[in-house]
Amino acid sequence: MTAPLRIAVFAGTFDPITLGHEQLLRRAAHLFDRVVVGVAAAHHKKTLFSLVERLELVNASFAQLPRISAAPFQGLLVDFAQAHGAIAIVRGVRGSVDFDYEAQLAGMNRRLAPHLETVLLTPNDDTQHISSTLVREIAMLGGAFEQFVSPHVALRVGEKVKAARVT
């Protein structure tokens, strides 16, 4: 008899997906049989990329890793996780501020869905400082943002920044 798949979800806005996200997702793929990347609709934020574009960037980042796939989500993360048959929610924690927030979120999620575990992963030293917000800001200010994202993402960010400067 085959054991059921151990599925985890990893959610965020991914505007854009960074090397830090990619590293954490690859590590999560070693812990779980399948990882579903929940790309948030982010109606409350003004994003650089549309939801469809963010999904494309995430899927392109893991084209060689079929255990990682992206899906759009809105609403409660626990509902998204349950809809995908997940046993865990994976979250990245860069520092103490992230930890405090994530610990509170994990407690709330545990009350909403006691059967879902939250797994907190810390990034490697070389990606700990990276955030999508800072990547966007550096790009908009003409800085060397390319070092924080994969080449295919850097190309798309560059196109978006150039288009924003024209308008």
Side-chain angles (χ1 to χ4, degrees), residues 5-42 45-74 77 80-81 83-99 101-102 105-106 109 116-162:
L5 289 180
R6 293 170 303 137
I7 300 169
V9 297
F10 186 108
T13 307
F14 304 102
D15 187 41
I17 187 167
T18 68
L19 293 176
H21 293 130
E22 290 180 18
Q23 176 208 94
L24 291 175
L25 281 158
R26 283 187 179 88
R27 287 173 49 207
H30 286 286
L31 299 172
F32 298 95
D33 300 315
R34 189 166 155 246
V35 179
V36 180
V37 182
V39 180
K45 294 183 179 181
K46 174 147 176 46
T47 58
L48 182 63
F49 292 98
S50 71
L51 176 59
V52 170
E53 290 170 323
R54 289 181 282 128
L55 284 162
E56 289 171 352
L57 289 172
V58 171
N59 280 322
S61 295
F62 300 104
Q64 302 303 315
L65 274 174
R67 292 168 57 176
I68 301 174
S69 61
F73 103 91
Q74 59 185 4
L77 180 54
F80 178 79
H84 287 275
I87 62 166
I89 296 169
V90 175
R91 303 288 294 172
V93 179
R94 291 180 295 236
S96 61
V97 172
D98 283 353
F99 179 81
Y101 173 75
E102 294 298 339
L105 189 61
N109 286 338
L116 282 173
E117 288 294 334
T118 298
V119 177
L120 302 178
L121 295 178
T122 58
N124 291 350
D125 292 342
D126 61 336
T127 61
Q128 184 172 12
H129 57 283
I130 301 173
S131 77
S132 295
T133 301
L134 292 176
V135 168
R136 287 192 314 272
E137 189 170 330
I138 292 167
M140 293 302 262
L141 295 172
F145 69 91
E146 298 86 354
Q147 63 191 304
F148 307 117
V149 295
S150 288
H152 71 281
V153 176
L155 178 65
R156 297 287 299 279
V157 170
E159 292 169 355
K160 286 284 188 178
V161 168
K162 184 177 178 181

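Counting begins at 1 with the first residue of the sequence. These numbers come from the heavy atoms of this one structure, side chains and all, not from hydrogens, waters or symmetry mates.
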Over all heavy atoms of both residues, which pair between [X] and [Y] is shortest? Give the atoms and the distance, please.
X      : Y      : result
Ser61  : Arg26  : O-NH2, 3.6 Å
Ala144 : Ile138 : N-CG2, 3.9 Å
Ala81  : Val9   : CB-CG2, 3.7 Å
Ala70  : Val58  : CB-CG1, 3.7 Å
His129 : Leu134 : O-CD1, 4.0 Å
Gln74  : Ala41  : OE1-CB, 4.0 Å

Applying side-chain contact (heavy atoms from CB on, under 4.5 Å) to Thr127 and Thr18, what does each step give before you reach the verdict? CA-CA 9 Å; Thr127 61; Thr18 68; over 6 Å; no
Step by step, would you call Ser69 with Val37 a side-chain contact (heavy atoms from CB on, under 4.5 Å)? CA-CA 6 Å; Ser69 61; Val37 182; over 6 Å; no
From [X] [atom1] over to [Y] [atom2], what is the distance, rounded to the nearest 0.5 angstrom?
X      : Y      : atom1 : atom2 : answer
Asn109 : Glu117 : CG    : CD    : 11.5 Å
Leu31  : Arg6   : CG    : CZ    : 8.0 Å
Glu56  : Ser50  : CD    : OG    : 7.0 Å
Thr122 : Gln23  : OG1   : CD    : 8.5 Å
Phe80  : Ile89  : CZ    : CD1   : 10.0 Å
Asn59  : Leu65  : CG    : CG    : 12.0 Å

Side chain to side chain, [X] and [Y], heavy atoms closer than 4.5 Å:
X      : Y      : value
Leu155 : His152 : no
Val119 : Phe32  : yes
Asn124 : Arg27  : yes
Met140 : Phe145 : no
Leu24  : Val90  : no
Val157 : Phe49  : yes
Arg156 : Pro16  : no
Phe99  : Val93  : yes

Atom CD of Gln147 with >12 non-hydrogen neighbours under 6.0 angstrom: yes
For the CG atom on Asp126, are there more than 12 heavy atoms of other groups (residues, nucleotides or ligands in this structure) within a distance under 6.0 Å?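 Yes, CG of Asp126 has more than 12 neighbouring heavy atoms, counting only those of other groups under 6.0 Å.
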Classify the angle between the aromatic ring planes of Phe10 and His21 as parallel (below 30°), tilted (30 to 60°) or perpendicular (above 60°).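 The rings of Phe10 and His21 stand perpendicular, inter-plane angle above 60°.
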Sidechain-backbone polar pair: [X] side chain, [Y] backbone, donor-acceptor under 3.5 Å:
X      : Y     : result
Arg91  : Ala11 : yes
Asp33  : Ile7  : no
Arg136 : Asp15 : yes
Arg54  : Phe14 : no
Gln128 : Arg94 : yes

Walk me through it: do Phe62 and Arg67 pass the test side-chain contact (heavy atoms from CB on, under 4.5 Å)? CA-CA 9 Å; Phe62 300 104; Arg67 292 168 57 176; over 6 Å; no
